[in-house]
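Note that the coordinates shown come from a computational prediction; the quantities given were computed from them, not determined experimentally. Every chain is numbered from 1, with letters handed out A, B, ... down the list of sequences.
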Amino acid sequence: MQHIKTGVIFGVLAGLFTFLFGGWSVTMLGIFAGAGLGLALENKLERGTQLAKAKEALPVALVAGGLMVALSLFGNFVVQPATGKFTALNTIVVAANILGFIAMVGLAMLTASFRGLDEKKEKTAKTILLAAIVIAFPFIDVFMNLRWTSNIIFALIFVILGLGLNIVVGYAGLLNLGYAAFFAIGAYTTGILSSPQHDIFLNFWLVIWLAAGMAALWGFLLGAPTLPVRGDYLGIVTLGFGEIIPVIFKNLIDVTINEPLTCWIIPGIQRLFGATSTVACINLVSHMDLTAGEKGINPIGRPILFGYEFQSNNTTPWYFLIILIIMLTVFLIQRMYKSRLGRSWMAIREDELASAQMGIDPVKTKLAAFAIGAVFAGFAGAFYAAYIRAIFPSVFDFSASIIILCVVILGGIGNINGVIVGGLVIMTADRLFLPALKDFLKGLLDFTILPALSSNPGLQAAVSQNANPILYRFLLFGLTLVIMMRVRPEGLIPSAQMRAVLHADEEIEAVQNDESKKAKKG
Amino acid sequence: MKSTLQKFARPIIAIITIYLVLLLGPIAALDIPVIAASIAKNPSQLLQFLIIGLANGAIIAIIALGYTMVYGIIELINFAHGDVYMIGVFTALTTLSLTGTLKSQDPVRIGIGIVIALVVAVVVGATLNATIERLAYRPLRNAPRLAPLISAIGMSFIVENIGLIWAGQSWLVPSFGTTGGGAQKEFPDLLSRMFVNMNMNPDLLASSGLGLRFTIKDLLVIVLAGVLMIGLRQFVQHTKLGKAMRATAQNRDAAKMLGIDIDWVITATFLIGGGLAGAAGLMAGLYNNNAWWFMGFRAGLQSFTAAVLGGIGNITGAMLGGFLIGLLAAFSDGYLNARWTNAWVFATLVLILLFRPNGLLGEQTGQKA
């Protein structure tokens, strides 16, 4: 019975989304919410037989599915007409809702039943289920004509960035407020090496490694001077680097390099003695437009695989490419986490002085964190540049760094699963939910609210001007950060260590309470 | 052999550094021969940039005071402070607009309007800053240090967006041709208008024949900044609350044991810092004649750099740092290229933190940072 609340949360969230998207979205949300609900339940249930677990999940799944379908139908026939979209009870609505309900209940029960398997099989089963959803997603998306894949690709780019930043902030405990600089370096390396800007067209499969290498090099170079600085000051220094790098990319539009010896020093000395210089000035580079400034580099070459060039209008190959990069990223990070290097990161995070005494070289460890963290930003940057085909310096400013930090903090510092969930939640909210909310509100305003306010034109203008949620996206990011810090500073899916650190007081209190209870009983 | 190497190592490194600066500097507009020629050709320009730098530095210094006081007491970078300053600009603009001062030609009325705007901006800035502390920092006072910092960044985003929404309300912020909240708004040049209407030339050096421009605005900004800074210094040194602030900054627990109300002291610090930011907002609006929702970010980073440059926690240091950063920005705008100014300011910040983390006037504090 205590799990019904989880079911209500999932059902209501999924149901509310259907207001915004309508159509086939019920089925898609049923799939996601069903799997999510199953996983959430699965963690809470006691072990038992598969059938018993599925039975246990049934009422919860029915509540969730029922709520979702009820809200979806309510949206279709009560809310949508208020925005000017009348939907008749046609076959699509019926099919979408029935399929959504079945997907929700079935997947929730299936996933919950995994609890009946032994531990190894349970893990395999979960992996297979998630893999099936991940692989099937773009095809279902194309079939249902929802066009969510391009937004999900964005979310996945930020997942990679979050995973990279997680190494620096989560594992090594080095606050980095300028991580977008490495994203920019990866993207600009790709842009410069595969665009008509300099008539260099390198293969994407080569460029992505060059971009990662370049980002790692700069991670090392920018990390080295920050070694003596700690805590808040480290955040500020990295913020400084994060601001300088986009400024540099913005301003490298007229690069001229004169060899100083022949151009200034020798002529200057000769002029001192009253002679006109006869030395020929060596001009190493003259008036080169390296980065095209605010115009941006455009168009950037696309990956070609077995003679097939990736196209902008077909997002499926891009989706699988980024999934591949994420799998590589997760694999590498998991291996590193368990390695000697990963353990030394965590040691210097907990106590730098003590770990140095134990024989860990803090300089090497920190530089490795900066450089390896930057590698993944390089991957993400290369993919981003090739996917968007045009890059501008303004994309990589402070707010980008903060969004990446938001991903790590909301998801759970130091936890790979948490960061993946954080990236998906934040970026789908930003790129999918807010624009849909904007359209929804616009419909609602134009059709229902504004006519009702026609007696007061001033208020009407003020309402229509301000009812644009896209305007408030950074307000929402800010609110997320502040509220998370107060309510759940360890993130949605925290790592065990972070939870322990952040809730040490409560745990001590709980232990004391237990002891005092025992003492009373005794 | 080794000693010979050591003997020559430093000069060789110096020569290589100079060579690299000459080689790569021009990319970032640091073209030393060109700059030297420009200074030699027109030396009075140097003085002009000095004046501009001092006036802008005065504003930066006042904002920096807020950073330095807060950091001194609770060791937190109040990221939202620059945005409180931005709110100060918009508060002043809205007050001037609502009191009808913006369209007035009567010098007395303009003067009264500016004084009212100053009071309102100070009150709003102080209240906002104290509210931010109450909502975002106080609940996290005993949390790990990352938590309040993240909360501060979040608060900064929230306040910036309040500014963006505010700037978009045409009945609050007169648009002067630019529409939308994202656009830079014009802040009318009221001081010059006031003096022109009093039949005085706003340019104080107009009759001197030096070819310099030193307006009444420059003078007023520098004088007002000086008064505020000296007042704050006296307050912190000689009043009971100031003494409590210094005690809290030194050792919070000991101060608490001696009966000092820590919460009130911290609130008072935020009130004073916010009030100063509000005053700086009015001054910046009148001096630079623009208002923009994002102006707090750049101003905040410049002021934070100033606070660090002077030695964080040190009031005199913040003033010194403010003037130095103002001069750096003015010279960079004038002789290098305005495009690169931000990069130079940040580069300064990074260099100070790396080579002299305690700033110019800061004391050695062990491994605090």
Segment of A:L222 engaging chain B (4.5 angstrom heavy-atom cut-off): neither

pair B:N161-A:L476: side-chain heavy atoms closer than 4.5 Å: no

Closest-packed option against chain B by number of heavy-atom pairs under 4.5 Å, given A:L177, A:V237, A:L234: A:V237

Charged N-O contact under 4.0 Å between B:R141 and B:D263: yes

Side-chain donor or acceptor of A:N166 paired with backbone N/O of A:G414 under 3.5 Å: yes

Parallel, tilted or perpendicular, as decided by the 30° and 60° cut-offs, for the rings of B:W166 and B:F90: tilted

Residues A:L481, A:I402; criterion side-chain contact (heavy atoms from CB on, under 4.5 Å); working and verdict: CA-CA 10 Å; A:L481 285 177; A:I402 293 306; 4.1 Å; yes

Members of residues 243-252 of chain A whose heavy atoms come closer than 4.5 Å to chain B: A:E243, A:I244, A:V247, A:I248, A:N251, A:L252

Sidechain-backbone polar pair: B:N129 side chain, B:F270 backbone, donor-acceptor under 3.5 Å: yes

Contact origin within B:I150 toward chain A - heavy atom pairs under 4.5 Å: both

A:I483 versus chain B, the contacting section by heavy-atom distance below 4.5 Å: neither

Backbone N/O of B:Y137 and side chain of B:S151: donor-acceptor pair under 3.5 Å: no

Under 3.5 Å: donor-acceptor pair, side chain of B:S303, backbone of B:A299: yes

Pair B:F157 + A:F477: ring centers closer than 6.0 Å: no

Side-chain heavy-atom pair B:L336, B:T341 within 4.5 angstrom cut-off: no

Atom CD of A:Q270: over 12 foreign heavy atoms under 6.0 Å: yes

Heavy-atom pair count under 4.5 Å with chain A, highest-scoring of B:I165, B:T305, B:L301, B:V345: B:I165

Test item: B:H81 side-chain N/O and B:G274 main-chain N/O as donor-acceptor pair under 3.5 Å: no

B:I158 portion near chain A, given a 4.5 angstrom heavy-atom threshold: both

Heavy-atom contact with chain B under 4.5 Å, split by part of A:I409: side chain

Plane angle bin for A:W345 and A:Y171 - parallel if under 30°, tilted between 30 and 60°, otherwise perpendicular: parallel

B:G313 backbone acceptor or donor facing B:T68 side chain under 3.5 Å: yes

Members of residues 11-18 of chain B whose heavy atoms come closer than 4.5 Å to chain A: none

Chain B contact via A:T226 - which portion, at a heavy-atom distance below 4.5 Å: backbone

Part of A:L479 lying under 4.5 Å from any heavy atom of chain B: both

Ring pair (Phe, Tyr, Trp, His ring centres under 6.0 Å) between A:F220 and A:F370, intermediate numbers included: CA-CA 6 Å; A:F220 177 80; A:F370 274 117; over 10 Å; no

Under 4.5 Å from any heavy atom of chain A - which part of B:W340: both

Most chain A-contacting option - heavy-atom pairs closer than 4.5 Å, from B:L135, B:N342, B:L164: B:L135

Contact winner vs chain B - A:L227, A:L175, A:I236, heavy-atom pairs under 4.5 Å: A:I236

